[in-house]
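A short worksheet on the structure shown next.
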Amino acid sequence: MISFSRTPPGLAAEHLFYSEILVYVEGHTDIPFYNEALQNYNCRIISKKGKPECKKFATLLEQGNYPYVVVLDGDYEILESARSRHRRIVWLHRHSCENYLLEEEPVDKFHHYRAPLEDSLDRLPSSFREITADTEQKFKELLILDVAHQRAKTGCKVFPKAPDQLFAGSKTVDFNNSEIKKLLNEATLGIDEQSIENARNLVQDFLKRHRFIDLLPGHFAFGIIKRWINHTVNVRKRILEEDIRVFLSTEVWRSVNTRDYDSLKRRLRNAVREAEKIRHAQPSTGS
């Protein structure tokens, strides 16, 4: 196995050992989504351990103009700026890769891939639109507080990584209001009112043009939809997260035709093409 030094020259040299253009993404679970968008391009998707490591490659790219591509999650930075400083550093216009998987038509298509449980129809949300509307109602204030803490760099992480603890029980998709209120009370500590108000204004402005679920932290948002799918389809075994991700990663590119997706597809493909041109223009170093 090829090993690369963690020094800047070592990291920057990784692309020299591959015949394809390298596209760095933040996590392994992101790979199916980008593979689908770039399936006919001479590139290899490489996952790194989160944004800090990807940002190292982005900084090197800005400094040395190397022939590779870096994709960065938007996080809450999209509330104030979504423009990349470099054409081969592709910033997402949603919080994370997972948020691009959460579109009504592909999710409902997967949901109806199996027959709904007859005894569940009266007590469970019946559509993607219904569950996302409920999610916004329950978590909007919590998200505003999360934005305020992150902008103030307090170190407080408002949302748990997964939403499971915020459901009313193991066999329901009803949210636990008392647990959500507990998180809200905890999140109001250590942050001033002006910071909260500034965050609220940023979020409200974002929601004039985008959906709430585009801004909700990706793993948390995906966890809600995954749970809803598993509780409303007639299967004996729980559907694996990987199966849901792979299906949606393929289906969104086939069935969602919006400016958001067209923009991301164009930016990814243009970045790979540009990296190929730069690599071919560089003098060969021999074998």
4.5 Å side-chain heavy-atom contact, Leu248 and Val107: yes
Gln39 (side chain) donor-acceptor with Asn35 (main chain) under 3.5 angstrom: no
Ring-ring centroid check Phe220 Phe139, cutoff 6.0 Å: yes
Gap separating the CD atom of Glu53 from the OG atom of Ser47, nearest 0.5 angstrom: 9.0 Å
N/O donor-acceptor pair under 3.5 Å between Asn99 side chain and Ile213 backbone: yes
Carboxylate-amine/guanidinium contact Glu274 Arg88, below 4.0 Å: yes
Pi-cation contact, Phe167 with Arg227 (under 6.0 Å, within 45°): yes
Rounded distance (nearest 0.5 Å) linking atom CD1 of Ile144 with atom CD1 of Ile191: 12.5 Å
Charged tip of Arg44 within 45° of Tyr68 ring normal and under 6.0 Å: no
Basic-acidic side-chain contact under 4.0 Å: Arg94, Asp73: no
Side-chain heavy atoms of Arg87 within contact of Arg267, under 4.5 Å: no
Non-hydrogen atoms of Thr154 and Gly190 that approach each other most closely: CG2-O, 3.8 Å
Spacing of CD1 belonging to Ile224 relative to CG belonging to Asp164, to within rounding of 0.5 Å: 10.0 Å
Ile239 versus Asn230, closest heavy-atom pair with distance: N-OD1, 2.6 Å
Donor on one side chain, acceptor on other, Thr258 and Asp260, under 3.5 Å: no
Backbone N/O of Glu98 and side chain of Ser96: donor-acceptor pair under 3.5 Å: no
Pairwise distance NZ(Lys140) to CG(Leu145) - rounded to 0.5 angstrom: 12.5 Å
Ring center gap for Trp253 and Phe33 short of 6.0 angstrom: yes
